[in-house]
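Okay, structure first, notes after.
We're numbering straight along the sequence, starting at 1.
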Amino acid sequence: MDAPAETVFRSLVERAADALLLLDPEGRIAYANPAAEDLFGLPGRDLVGENFGGLATSEQTSEIYIPNPRRGLVAASIRRASIELAGEPCVALYLRDVTERVREAERLRQFAVVFDAISEGVMITTPDTAIVAVNRAFTNITGYTQDEVLGRTPEFLRSEAHDAEFYNEIGRVLKREGQWHGELRKRRKDGEIYLELLSINAVRRDDGELIYYAYVFADVTSVHTLRHRAEHDPLTEVFNRYAFQERLEEEMRRAKRYGGAFSLIMFDLDHFKAVNDGYGHDVGDEVLRRVASLAGEELRDGDLLARWGGEEFMILLPETDPESARLVAERIRARIARTDLEGAPRVTVSLGIAGSIAGEPHEELIRRVDRALYQAKEAGRNRGIVAPEAAKPAPGE
């Protein structure tokens with residue numbers, strides 16, 4: 001190689017982004033370019049003479065890990081070539097720093113392990129909701145494998161429990177707020193309906209561009225079943241006394257904070273002992289179930305019906321004044337009185353009605369509605385009576 005060509009060659013080698021080592025026939029480093037000094041974290045004079053013969057035995061590309069005093073362990077891909085330099089055989093080692101690529105691959109590997117190990121189902125979709133990834137828990141919960149769902153949209157998991165407008169509203173909330181949380185009923189591959197607690201989050205780049213949606217969900221069917229059992233009367237399937245008291249306290253706090261009024265209706269079956277004695281407890285239980293069902297059909301979605309004990313029931317009517325509650329009570333009374341109960345005599349109910357008073361303890365409200373029910377029975381049964389307002393508590397009481 002003439003002098004000008006050698007000068008150009010050396011200039012190119014010394015400016016190269018990749019590290020270059022030239023090994024002599026014994027495998028010792030004869031030359032290291034500046035990129036090699038950066039890769040190893042050592043000056044060239046400390047590299048020259050080091051034995052790298054073990055790396056010179058293969059023509060194949062591979063990866064090695066190099067201890068760098070400043071950066072720690074550095075990953076490099078290595079390519080070997082046998083060449084002649086000044087008539088002498090030698091080996092050229094080309095090394096490229098791939099530390100970031102290896103670290104990213106390791107991060108992705110760790111993510112994949114975590115993604116598949118978490119107990120919640122995870123589904124990733126594109127902005128137009130095409131599924132691009134699901135984890136193992138998704139398969140365990142829904143019954144669908146990744147191969148069966150990739151490229152599809154999540155509509156196939158829907159059940160008839162929610163209409164199109166329900167899902168349209170989810171879309172509007174996602175667009176407006178970037179996230180949605182709630183419970184919905186979904187369908188497994190085998191057709192079984194299950195209750196899902198779902199969180200959807202929009203994931204965006206730093207510049208705000210939407211890149212995908214992340215769905216994280218859990219099967220809460222068993223939890224919901226246990227909660228239902230804890231809150232509901234096993235015979236009539238309406239709320240139990242404990243759950244009613246909790247909701248009543250919540251309603252009282254809401255009314256105190258935001259204003260407004262609510263009312264209670266307490267009712268029980270007239271002469272119910274005669275039904276049990278004359279027809280047996282099985283018929284009596286069926287009468288209780290039917291009466292609870294009839295009363296529930298006269299209520300709004302936000303109203304709450306509970307079995308208070310024995311043949312007594314309680315109803316919470318949010319945002320309802322006593323006169324409106326009286327009309328509800330009359331509809332319930334008339335509906336039950338005119339309904340034939342197969343295998344049992346017709347029954348009637350007596351009802352007490354009471355409206356809330358600001359600052360009144362809930363115990364006093366319940367006493368007032370209970371007294372109104374007692375008065376309805378004393379007045380001949382099969383009727384409702386509205387409780388008079390109690391004296392309003394003085395400020396500070």
Side-chain angles (χ1 to χ4, degrees), residues 10-24 26-83 90-127 130-139 145-147 150-151 201 203-207 209-216:
R10 180 174 291 274
S11 176
L12 291 173
V13 167
E14 292 186 351
R15 295 186 181 190
D18 290 343
L20 171 64
L21 299 177
L22 295 179
L23 308 184
D24 65 20
E26 283 74 38
R28 292 187 297 268
I29 297 176
Y31 170 79
N33 72 345
E37 295 179 356
D38 290 341
L39 184 66
F40 284 85
L42 297 170
R45 63 177 178 273
D46 291 342
L47 290 173
V48 172
E50 289 293 320
N51 194 315
F52 265 65
L55 299 177
T57 59
S58 173
E59 296 288 331
Q60 298 179 356
T61 301
S62 61
E63 288 183 0
I64 62 170
Y65 291 89
I66 300 165
N68 184 300
R70 297 188 304 273
R71 299 170 54 195
L73 208 58
V74 174
S77 64
I78 181 170
R79 184 166 58 84
R80 307 159 183 83
S82 298
I83 63 173
C90 65
V91 174
L93 298 181
Y94 302 92
L95 299 102
R96 175 166 294 177
D97 188 343
V98 294
T99 306
E100 285 306 311
R101 177 174 63 77
V102 170
R103 285 176 180 168
E104 181 61 24
E106 178 61 16
R107 283 193 290 268
L108 289 174
R109 187 193 68 80
Q110 292 171 351
F111 170 79
V113 170
V114 173
F115 183 73
D116 232 23
I118 59 178
S119 58
E120 288 83 5
V122 180
M123 177 175 67
I124 309 297
T125 75
T126 61
I131 299 171
V132 295
V134 297
N135 69 345
R136 186 178 304 167
F138 174 95
T139 298
T145 66
Q146 178 166 279
D147 290 343
L150 289 183
N201 287 273
V203 181
R204 301 179 182 276
R205 300 187 194 277
D206 291 341
D207 61 4
E209 179 190 359
L210 177 65
I211 53 176
Y212 57 81
Y213 289 111
Y215 299 66
V216 181

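Here the closest heavy-atom approach between residue Ala133 and residue Leu150 is recorded as N-CD2, 3.8 Å. The minimum heavy-atom distance between Pro127 and Leu210, with the atom names listed, is CG-O, 3.6 Å. The two residues Glu26 and Asn51 make their nearest non-hydrogen contact at O-ND2, 3.9 Å.
Among residues two or more places apart in sequence or in another chain, the salt bridge (charged side-chain N to carboxylate O under 4.0 Å, His left out) test is passed with Arg15 by none. Every residue two or more places apart in sequence or in another chain that forms a salt bridge (charged side-chain N to carboxylate O under 4.0 Å, His left out) with Glu104 is listed here: Arg107. Under the side-chain hydrogen bond (donor to acceptor under 3.5 Å, both in side chains) criterion, Asp46 pairs with no residue, sequence neighbours left out. For Arg205, the side-chain hydrogen bond (donor to acceptor under 3.5 Å, both in side chains) partners two or more places apart in sequence, or in a different chain, are Glu209. Listed by chain and number, the residues in a side chain to side chain contact (heavy atoms under 4.5 Å, CB included) with Val132 are Ile124, Thr126 (sequence neighbours excluded). Residues forming a side chain to side chain contact (heavy atoms under 4.5 Å, CB included) with Thr99 (at least two apart in sequence, or on another chain): Arg71, Val74, Ala75, Asp97, Arg103. Residues meeting the side chain to side chain contact (heavy atoms under 4.5 Å, CB included) test with Asn33, sequence neighbours left out: Val13, Ala16, Ala19, Leu20, Tyr31, Ala35, Ala36. With sequence neighbours excluded, the residues forming a ring pair (Phe, Tyr, Trp, His ring centres under 6.0 Å) with Phe40 are Phe52, listed by chain and number. Not a single salt bridge (charged side-chain N to carboxylate O under 4.0 Å, His left out) links Arg204 to another residue, sequence neighbours left out.
Atom CG of Leu47 sits about 7.0 Å away from atom CG of Leu21, to the nearest 0.5 Å. A distance of 9.0 Å separates CG of Asn135 from CD of Gln146, quoted to the nearest 0.5 Å. Distance check, rounded to the nearest 0.5 Å: CG of Leu42 to CD1 of Ile66 gives 10.0 Å. Taking CD1 of Ile29 as the reference point, atom CG of Asp24 lies at 9.5 Å (rounded to 0.5 Å).
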### Task
Might you work through the side chain to side chain contact (heavy atoms under 4.5 Å, CB included) test for Leu95 and Ile64, ending with a clear yes or no?
CA-CA 9 Å; Leu95 299 102; Ile64 62 170; 3.6 Å; yes

### Message
Assess the residue pair Val122 and Val134 against the criterion (side chain to side chain contact (heavy atoms under 4.5 Å, CB included)); give the C-alpha distance rounded to whole Å, side-chain angles, the decisive distance to 0.1 Å, and a yes or no.
### Response
CA-CA 6 Å; Val122 180; Val134 297; over 6 Å; no

### Query
Please walk me through it: do Ile83 and Leu22 pass side chain to side chain contact (heavy atoms under 4.5 Å, CB included)?
CA-CA 9 Å; Ile83 63 173; Leu22 295 179; 4.2 Å; yes

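Between the side chain of Asp18 and the main chain of Tyr94, no donor-acceptor pair closer than 3.5 Å is present. When atom types are taken as modelled, the side chain of Glu37 and the backbone of Gly44 share a donor-acceptor pair closer than 3.5 angstrom.
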Name the atoms and distances for all side-chain donor-acceptor pairs under 3.5 Å in residues 111-121, with sequence neighbours left out.
{"from": "Asp116", "atom 1": "OD1", "to": "Arg136", "atom 2": "N", "distance (Å)": "2.9"}
{"from": "Asp116", "atom 1": "OD2", "to": "Arg136", "atom 2": "NH2", "distance (Å)": "3.2"}

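Sparse packing is recorded around CG of Asp206, with 12 or fewer heavy atoms of other residues, nucleotides or ligands lying under 6.0 Å away.
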